[in-house]
Amino acid sequence: MSEIADKSLLVNNLPVKSLVHNGLTIEGYSRAAVQTYWRLPEFKIGFDLGAHPWMFMGTSTWFVSHSHLDHIVALPVYVARRRMMKMEPPVIYLPEHAIEPIEKILKLFTRLDRGRMPCDLRPIHPGDEIELSREHVVTVSATKHTVPSMGFVVWERKRKLLPELVGLPGDKIRDLRLAGTEVTSEQRTPRFAYLGDSAPEGLDACPAMYEAQVLVMEITFVAPSHKKDKIHKFGHIHLDDFLERRARFKNEIVIASHFSTRYSNKRIRDLVARKLPDMLEGRLHLWL
Ligand SMILES: [Zn+2]
Ligand SMILES: [Zn+2]
């Protein structure tokens with residue numbers, strides 16, 4: 001069983017906002033120091049386990065960006081729920097330093113809860129490439145935060161005929177292929193990127209983030225009174241950093257999230273509207 005078959009049994013335990021773009025559904029919620037979780041149902045993957053909506057349980061592969069509690073604390077709950085619901089143990093990719101402590105935490109919770117917590121924890125490092133399927137791969141990049149932290153790009157890959165062979169009759173191409181000549185090359189499209197928590201350097205270090213069709217990023221601070229230099233030390237992005245880089249965002253959709261709890265939703269909307277009245281030609285979505 002991979003999904004809960006009877007949808008009327010889905011318990012609505014947490015806020016989830018969603019958006020569909022170009023055949024891709026982005027679901028999730030993120031506020032700094034509160035909780036962060038995202039899911040891409042079509043790719044059957046999720047990012048961060050700061051809390052876990054009951055409806056996300058059927059997704060069996062997760063990527064954790066870093067070990068701050070608002071991104072990881074629901075990992076035991078998620079693992080235990082899947083076992084209770086007789087689902088396969090999930091695969092969870094984590095920064096390597098987090099694996100051993102999480103294994104210990106799961107053992108301790110097993111003692112308290114008297115239930116096993118089966119899961120496949122896999123270490124990730126910047127530069128890794130994880131194959132989801134023949135069509136999709138995830139690449140990992142380092143971001144800049146106060147603990148080791150990573151961002152992710154989901155690529156769609158297709159094999160395309162080499163340009164020099166375009167126009168050649170099919171039987172000629174077949175003969176070349178049968179003779180062992182490579183007739184295609186792999187083409188990759190960045191469909192989705194998730195920055196996680198990061199100072200601007202983390203974004204700049206991964207150019208594919210600026211190219212991805214959909215980018216989910218943090219803009220934790222928006223008020224002029226919060227100075228961006230100070231914010232960079234905490235490993236976060238200010239609205240002013242976003243404005244400085246506006247020409248670089250080639251994304252079709254940019255989702256800004258992980259806003260500080262210092263701001264009301266109205267204040268965030270007002271401050272962004274003042275500095276960015278066109279909302280990046282309508283491409284910027286405030287995840288509130
Ligand atoms: Zn965070
Ligand atoms: Zn963090």
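Side chains included, hydrogens not; waters and symmetry mates left out as well; all remaining heavy atoms used.
- Residues meeting the side-chain hydrogen bond (donor to acceptor under 3.5 Å, both in side chains) test with Glu201, sequence neighbours left out: none.
- There is no side-chain donor-acceptor pair under 3.5 Å between Asp197 and His236.
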Exercise answer: donor-acceptor pairs, residues 94-102 side-chain atoms, under 3.5 Å, sequence neighbours excluded:
from: Glu96; atom 1: OE1; to: His125; atom 2: NE2; distance (Å): 2.7
from: Glu100; atom 1: OE2; to: Lys104; atom 2: NZ; distance (Å): 3.1

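- Using a 4.0 Å cut-off between charged nitrogen and carboxylate oxygen, Glu88 and Arg83 do not count as a salt-bridge pair.
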Show your reasoning for whether side-chain hydrogen bond (donor to acceptor under 3.5 Å, both in side chains) applies to His232 and Asp241.
-> CA-CA 10 Å; His232 297 168; Asp241 298 308; 2.9 Å; yes
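- Note: Leu75 CG to Leu49 CG = 5.0 Å, rounded to the nearest 0.5 Å.
- When the side chains of ILVMFWY residues are joined at heavy-atom separations under 4.5 Å, either directly or via intervening members, Ile253 and Leu280 end up in two distinct hydrophobic clusters.
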His285/His21 under ring pair (Phe, Tyr, Trp, His ring centres under 6.0 Å): CA gap, chis, key distance, verdict | CA-CA 12 Å; His285 294 246; His21 177 74; 8.5 Å; no
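- Closest approach of Ile237 and Leu203 over heavy atoms only: CD1-CD2, 4.5 Å.
- Taken to the nearest 0.5 Å, the OG1 atom of Thr146 stands 13.5 Å off from the NZ atom of Lys233.
- Contact of the Leu10 side chain with the Trp54 side chain is registered, since non-hydrogen atoms from C-beta on lie closer than 4.5 Å.
- Atom CE of residue Met217 and atom OG1 of residue Thr143 lie 12.0 Å apart, to the nearest 0.5 angstrom.
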Could you walk me through whether Phe152 and Met150 pass the side-chain contact (heavy atoms from CB on, under 4.5 Å) check?
-> CA-CA 7 Å; Phe152 306 93; Met150 285 160 216; 4.2 Å; yes
Verdict with reasoning, Gln213 to Asn22, per side-chain hydrogen bond (donor to acceptor under 3.5 Å, both in side chains) | CA-CA 9 Å; Gln213 289 172 0; Asn22 192 16; 3.1 Å; yes
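- Under the 4.5 Å side-chain criterion, counting only non-hydrogen atoms from C-beta, Met87 is not in contact with Arg81.
- Across every non-hydrogen atom of Val79 and Pro90, the tightest pair is CG2-CG, 4.2 Å.
- Using a 4.5 Å cut-off on side-chain heavy atoms (C-beta onward), Arg39 and Pro53 make no contact.
- For the pair Lys227 and Asp240, the salt-bridge criterion is not met [side-chain N within less than 4.0 Å of a carboxylate O].
- The shortest heavy-atom contact between Phe259 and Ile219 is CD2-O, 3.0 Å.
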Could you go step by step and tell me if Asn13 and His52 meet the side-chain contact (heavy atoms from CB on, under 4.5 Å) rule?
-> CA-CA 8 Å; Asn13 63 322; His52 208 73; over 6 Å; no
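- Side-chain atoms of Glu281 never come within 3.5 Å of backbone atoms of Arg283 as a donor-acceptor pair (strictly under, hydrogens ignored).
- Val216 and Leu286 fall into different hydrophobic clusters, where Ile, Leu, Val, Met, Phe, Trp and Tyr side chains are chained together by heavy-atom contacts under 4.5 Å.
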May I have the step-by-step check of ring pair (Phe, Tyr, Trp, His ring centres under 6.0 Å) for Phe249 and Phe242, ending in yes or no?
-> CA-CA 9 Å; Phe249 292 96; Phe242 185 87; 4.5 Å; yes
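- Using modelled atom types and a 3.5 Å distance limit, the side chains of Thr25 and Glu42 yield a donor-acceptor pair.
- Separation of atoms CG (Leu69) and CD (Gln35) is listed at 12.5 Å; rounding is to 0.5 Å.
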Please test Arg122 against Asp120 for salt bridge (charged side-chain N to carboxylate O under 4.0 Å, His left out), starting from the C-alpha separation and ending with a verdict.
-> CA-CA 6 Å; Arg122 300 186 186 173; Asp120 182 354; 2.7 Å; yes
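- The minimum heavy-atom distance between Val147 and His68, with the atom names listed, is CG1-NE2, 3.8 Å.
- Judged purely by atom type and a 3.5 angstrom limit, Tyr194 has no side-chain atom pairing as donor or acceptor with the backbone of Leu215.
- Each of Trp38, Phe56, Phe192, Tyr93 was evaluated against Phe47; a single residue qualifies, Phe192, per the ring pair (Phe, Tyr, Trp, His ring centres under 6.0 Å) test.
- For the pair Arg31 (side chain) and Ser260 (backbone), a donor-acceptor distance under 3.5 Å is present.
- No side-chain donor-acceptor contact under 3.5 Å links Asp113 to the backbone of Ala80.
- Between Arg191 and Val214, the closest side-chain pair of non-hydrogen atoms is not below 4.5 Å.
- Other residues, nucleotides and ligands contribute over 12 non-hydrogen atoms within 6.0 Å of the NZ atom of Lys17.
- In this structure, a donor-acceptor pair under 3.5 Å is present between the side chains of Asp48 and Ser65.
- Nearest approach of Val153 to Pro190, heavy atoms of both residues: CG1-CB, 3.9 Å.
- Between Phe43 and Leu24 the shortest side-chain heavy-atom distance falls below 4.5 Å.
- In this model, a donor atom of one side chain and an acceptor atom of the other lie less than 3.5 Å apart for Tyr263 and His226.
- Two different hydrophobic clusters hold Val16 and Val34 under the rule that ILVMFWY side chains link at heavy-atom gaps under 4.5 Å.
- The closest donor-acceptor contact from the side chain of Ser149 to the backbone of His145 lies at 3.5 Å or more, if one exists at all.
- In this structure, the side chains of Arg174 and Val183 stay at 4.5 Å or more apart for every pair of heavy atoms.
- Salt bridge annotation for Glu211-Lys250: absent, with no cationic side-chain nitrogen under 4.0 angstrom from a carboxylate oxygen.
- Atom CZ of Arg134 has 12 or fewer heavy atoms from other residues, nucleotides or ligands within 6.0 Å.
- Taking the ring centroids of Phe221 and His238, they lie at or beyond the 6.0 Å cut-off.
- For Arg188, the side-chain contact (heavy atoms from CB on, under 4.5 Å) partners are Glu129, Val137, Thr139, Trp155, Arg157, Glu186, not counting sequence neighbours.
- In Tyr210, the OH atom is crowded: over 12 heavy atoms of neighbouring residues, nucleotides or ligands sit closer than 6.0 Å.
- Counting only heavy atoms from C-beta outward, the side chains of Ile255 and Ile26 approach each other to under 4.5 Å.
- Between Thr36 and His258, the closest heavy-atom pair is OG1-CD2, 3.7 Å.
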Verdict with reasoning, Lys158 to Glu135, per side-chain contact (heavy atoms from CB on, under 4.5 Å) | CA-CA 7 Å; Lys158 287 202 169 104; Glu135 291 87 30; over 6 Å; no
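- Salt bridge status for Arg248 with Asp204: present, with a side-chain N to carboxylate O gap under 4.0 Å.
- Under the 4.5 Å side-chain criterion, counting only non-hydrogen atoms from C-beta, Met117 is not in contact with Pro89.
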Show your reasoning for whether side-chain contact (heavy atoms from CB on, under 4.5 Å) applies to Lys275 and Leu271.
-> CA-CA 6 Å; Lys275 295 226 177 155; Leu271 281 163; over 6 Å; no
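- A distance-only check finds no donor-acceptor pair linking the side chain of Thr59 to the backbone of Ile45 [under 3.5 Å].
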